[in-house]
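Down below is the structure, laid out as structure tokens.
Heads up: numbering here begins at 1 and tracks the sequence. Note that these values count all heavy atoms, side chains included, but never hydrogens, waters or copies made by symmetry. It should be emphasised that the depicted structure is a prediction, and the values quoted were computed from it without experimental measurement.
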Amino acid sequence: MGLVKRHCGTLEGALTHFLKVTRSYAPGLFHCYTHRDIPRTNNGLEQCFGQHRHHERRTTGRKRGTPSTVLRGPVRLITSVASRLQRWTAAELAPSNVAAWREVRQAVRARFATRAQGLRFRRDPDAYLRGLEQQFLTSGLPV
């Protein structure tokens with residue numbers, strides 16, 4: 001195509017663009033065409049995320065994604081998908097491994113704490129940094 005594109009008239013620009021884009025594809029980028037068991041598109045995954053986003057928008061009334069999706073994302077997305085697959089009883093929803101459940105809760109709390117600190121810094125950076133400096137000075141660490 002690269003050799004004959006000069007003779008294609010008005011299609012030369014389109015062929016140039018096509019060759020540029022296809023040259024950027026690394027070898028092995030599209031494994032789905034070399035292995036029969038891999039689905040050809042990720043349309044099902046796109047629909048799953050789209051449905052989750054649609055329901056989030058309907059329940060919150062927001063047009064954009066909710067900030068809690070970032071904070072509680074792993075938990076919310078899994079429960080959203082699982083609730084579409086089957087109905088769950090209260091006994092099934094109770095955590096069977098309490099230690100693992102506590103780890104997930106701790107990770108969610110850590111994300112909330114990080115977000116809260118960023119919010120405090122954005123509201124009043126000077127006061128936030130003064131507070132950190134005061135904590136450092138009272139900690140007893142050598143200066």
Side-chain angles (χ1 to χ4, degrees), residues 1-5 8 10-143:
M1 271 196 253
L3 298 175
V4 297
K5 70 179 181 180
C8 291
T10 58
L11 292 177
E12 183 178 352
L15 283 173
T16 302
H17 177 70
F18 176 77
L19 290 171
K20 177 185 169 192
V21 170
T22 55
R23 214 174 320 165
S24 68
Y25 294 144
L29 183 64
F30 296 108
H31 293 290
C32 62
Y33 296 114
T34 57
H35 299 287
R36 184 180 304 248
D37 298 332
I38 300 175
R40 297 293 181 249
T41 65
N42 60 352
N43 196 26
L45 190 60
E46 288 175 15
Q47 286 178 355
C48 174
F49 283 114
Q51 285 176 351
H52 176 73
R53 192 176 116 223
H54 171 74
H55 291 298
E56 283 273 332
R57 288 173 62 186
R58 283 191 65 203
T59 57
T60 61
R62 292 170 156 245
K63 291 196 177 196
R64 302 176 76 192
T66 61
S68 63
T69 302
V70 174
L71 300 172
R72 298 180 187 260
V75 176
R76 291 178 80 123
L77 186 61
I78 291 171
T79 55
S80 171
V81 172
S83 65
R84 278 187 242 128
L85 297 175
Q86 76 177 52
R87 285 195 167 274
W88 300 89
T89 65
E92 292 172 322
L93 293 175
S96 58
N97 184 351
V98 178
W101 176 79
R102 286 188 177 136
E103 286 179 23
V104 171
R105 293 296 310 152
Q106 185 62 34
V108 169
R109 282 191 200 105
R111 285 195 295 271
F112 270 100
T114 302
R115 184 174 169 84
Q117 287 176 350
L119 182 63
R120 288 184 199 123
F121 177 78
R122 285 190 301 275
R123 281 188 184 153
D124 190 1
D126 294 330
Y128 181 79
L129 293 174
R130 272 194 308 273
L132 283 179
E133 186 177 354
Q134 189 62 33
Q135 273 183 334
F136 174 73
L137 292 174
T138 59
S139 68
L141 293 174
V143 178

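A 4.5 Å side-chain heavy-atom check between Tyr128 and Gln117 finds at least one atom pair inside the cut-off. Looking at heavy atoms from C-beta onward, Leu129 lies out of side-chain contact with Glu133 at the 4.5 angstrom threshold.
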Requested in this report: Report the C-alpha distance between Leu119 and Arg115 in whole Å, list the side-chain angles of each, state the deciding distance to 0.1 Å, and finish with yes or no for side-chain contact (heavy atoms from CB on, under 4.5 Å).
Outcome: CA-CA 6 Å; Leu119 182 63; Arg115 184 174 169 84; 5.8 Å; no
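Dense packing is recorded around CD of Glu92, with more than 12 heavy atoms of other residues, nucleotides or ligands lying under 6.0 Å away.
Of all heavy-atom pairs spanning Asp124 and Ala127, the tightest one is OD2-CB, 3.1 Å. Of all the heavy atoms in Trp88 and Ala82, the pair that sits closest is NE1-O, 3.1 Å.
Atoms CZ and OG1, on Arg111 and Thr114 in that order, are 9.5 Å from each other to the nearest 0.5 Å.
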